[in-house]
Structure formats: C-alpha cells, structure tokens
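Notes follow the structure.
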Amino acid sequence: MKNVFSFLASSLLLVGTAHAQTTFSVGPRVGFNVSSARFPTIDQAASSNRSGFEAGLTSTVQFGHFALQPSLLYSQKGYRTSGYYLSFDMLIPSEEDIRLNYLTLPLNLAYTLGRDGQGLQVFGGPYASLLVGGNYAQRLSGFDGEATGKVKPATLATDTDSRYSRRFDGGLQAGVGYCLKGFQLQAGYSLGLRNLAVPHQAYNGGTYAPFPYYNRAFQVSLSYLMGAKG
C-alpha cells in the first residue's frame, strides 16, 4: 500500500510539474507572401511571382522545447502567367494576373532552443485553406485596357469566359523563426498538394481537364503573443 501511495504521489508531482511548464499564448499576426503556381505538366515555367499579405490570429501551446502553433489567417496568394489567347484563328500574346484569397488554418509543431520557448526555432506542419474570393486581370498584346473579373470557387466550370479554382486547398509548410519575449518572427515556405484546376463542361456534355496547378508561397510574418501559464 505504501508503494501505491508513493506511486500516486510521484505521478501527481510529475503531472503538476508538466502542467506548470505548459504555457498558452495568443495574439495578432501580420505577414507578407510571395506566391506562385506550379504547372507540373508544362515543360517550362508558366507562372511568375506576385505579392500579397496575410493577417489574423496565432497561438502557441508551449511545453518545454516543443510547441503547437495553430493559427487562423486571411491569406492572399496567386500567380501571373504569360501565354497566347486564340481569337479568330490568331494567337495573341497575353498576360494574366490571378489573385486568390483564402481563410487558412495552419497547424505547426515547433522546436525552440530555449525551454521557455525563447530563441531560435524550426517549425513544420500541415495547412488547410478555404477560398473566399479572388479576381483576375487579362491583358492582350496590342490592345488597350484589360479584361477583369472574379475568380469563382467550383468543382465544374460552365462559363469559359470566367476563371475558376477549387474551393479547398491543403498542403505542408516549414520554416525557421525567432521568439523574443512576446514577439515571434517566422519565415517559411508552403507547398500546396491539391490540384486547384477545375474541369470545364464541354458542349457535348462531357468534360475536359485544364492544366493542373498547385499553390506555392514564401511567407514572412510577425506575431505578438500574450498569455499565461497553463
């Protein structure tokens, strides 16, 4: 019986110690994205970078050197492409600018050199995104002005004059950061794993698939975290 009480006391002491070392903090996050798209079936690079911003809330559950870092962010991604537009049997050089706006849920596991979560850190984990809107602008060589419109979330495109993208995106991200007191600076790279191209409905009732593409982005963010011990 004495051994049982000793075991229970030791267990409670360990749980209490672990509990005391766990901290939770939350705060605002702002950042900058440099995004593009990857077209794996096209031999040469078909897209170039475009910039955007992200903002939202981030949090950290710190337990020793490790921490879970979930966030909720409004994130701008997109890309620029150059190619040709077919008009009356003529190929006209064109450029297109695509903006994709997402609500993004990243969940990172971070390792920090300091046991209190301070100092240099590395992180990585999955993310899931919901497309909430977007727009496009197309410019044709030799013509004044540009055609503009909305990017619509869909699983099947029915209008060839509109632009479509899958509603959900997901992938992986990883990077490095530094935490000093409440400030956390992070730089990372996100790798989209979901094909965002939407099949088009053909005139004969069938469908045809456009070139698949995937989101890519470099991100830099600054967060200010406020919290207390758990």
hydrophobic_cluster_shared for F66 and V122, side chain cutoff 4.5 Å
yes
Could you state the interatomic distance from CG (L107) to CZ (F123), rounded to the nearest 0.5 Å?
12.5 Å
Nearest heavy atoms of Y127 and K77, plus distance in Å:
OH-NZ, 3.8 Å
How long is the span from the CD atom in Q173 to the OG atom in S190, to the nearest 0.5 Å?
6.0 Å
Atom pair OG1 (T81) and CD (E96), whose distance is rounded to the nearest 0.5 Å:
5.0 Å
Which heavy-atom pair separates S71 from T58 by the least distance, and what is that distance?
OG-OG1, 2.6 Å
Verify same cluster id: L193, L196 (apolar side-chain graph, 4.5 Å):
no
Residue pair F183, Y224: steps toward the ring-ring contact (aromatic ring centres under 6.0 Å, His included) verdict
CA-CA 5 Å; F183 292 96; Y224 182 68; 4.8 Å; yes
In Å and rounded to the nearest 0.5 Å, what is the CD to OH distance from Q76 to Y102?
12.0 Å
Using the side-chain hydrogen bond (donor to acceptor under 3.5 Å, both in side chains) rule, take S75 and N33 through it: C-alpha gap first, then chi angles, then the decisive distance, then the call.
CA-CA 8 Å; S75 181; N33 296 333; 3.0 Å; yes
Answer yes if the ring centres of Y79 and Y213 are under 6.0 angstrom apart, and no otherwise.
yes
Do you know which two heavy atoms are closest between P40 and P212, and how far apart they sit?
CD-O, 3.5 Å
Result for side-chain contact (heavy atoms from CB on, under 4.5 Å) between S129 and one of T104, N215, L105 points to T104
Is the ring pair H200/Y164 parallel, tilted or perpendicular, if the boundaries are 30 and 60 degrees?
perpendicular
L109 reachable from Y111 in the ILVMFWY side-chain graph, under 4.5 Å edges:
yes
Evaluate whether atom OH of Y74 has more than 12 neighbouring non-hydrogen atoms of other residues, nucleotides or ligands under 6.0 angstrom away.
yes
To the nearest 0.5 Å, what is the distance between CG (L100) and CG (L131)?
6.0 Å
With rounding to the nearest 0.5 angstrom, report the CZ to CG distance, R38 to N195.
11.0 Å
Would you say the side chains of Q219 and Q186 form a donor-acceptor pair under 3.5 Å?
no
Does L57 share a hydrophobic cluster with V30, counting links as ILVMFWY side-chain heavy atoms below 4.5 Å and allowing steps through other members?
no
Can you check salt bridge (charged side-chain N to carboxylate O under 4.0 Å, His left out) on D97 and R80, steps first, answer last?
CA-CA 5 Å; D97 193 336; R80 291 187 173 97; 3.2 Å; yes
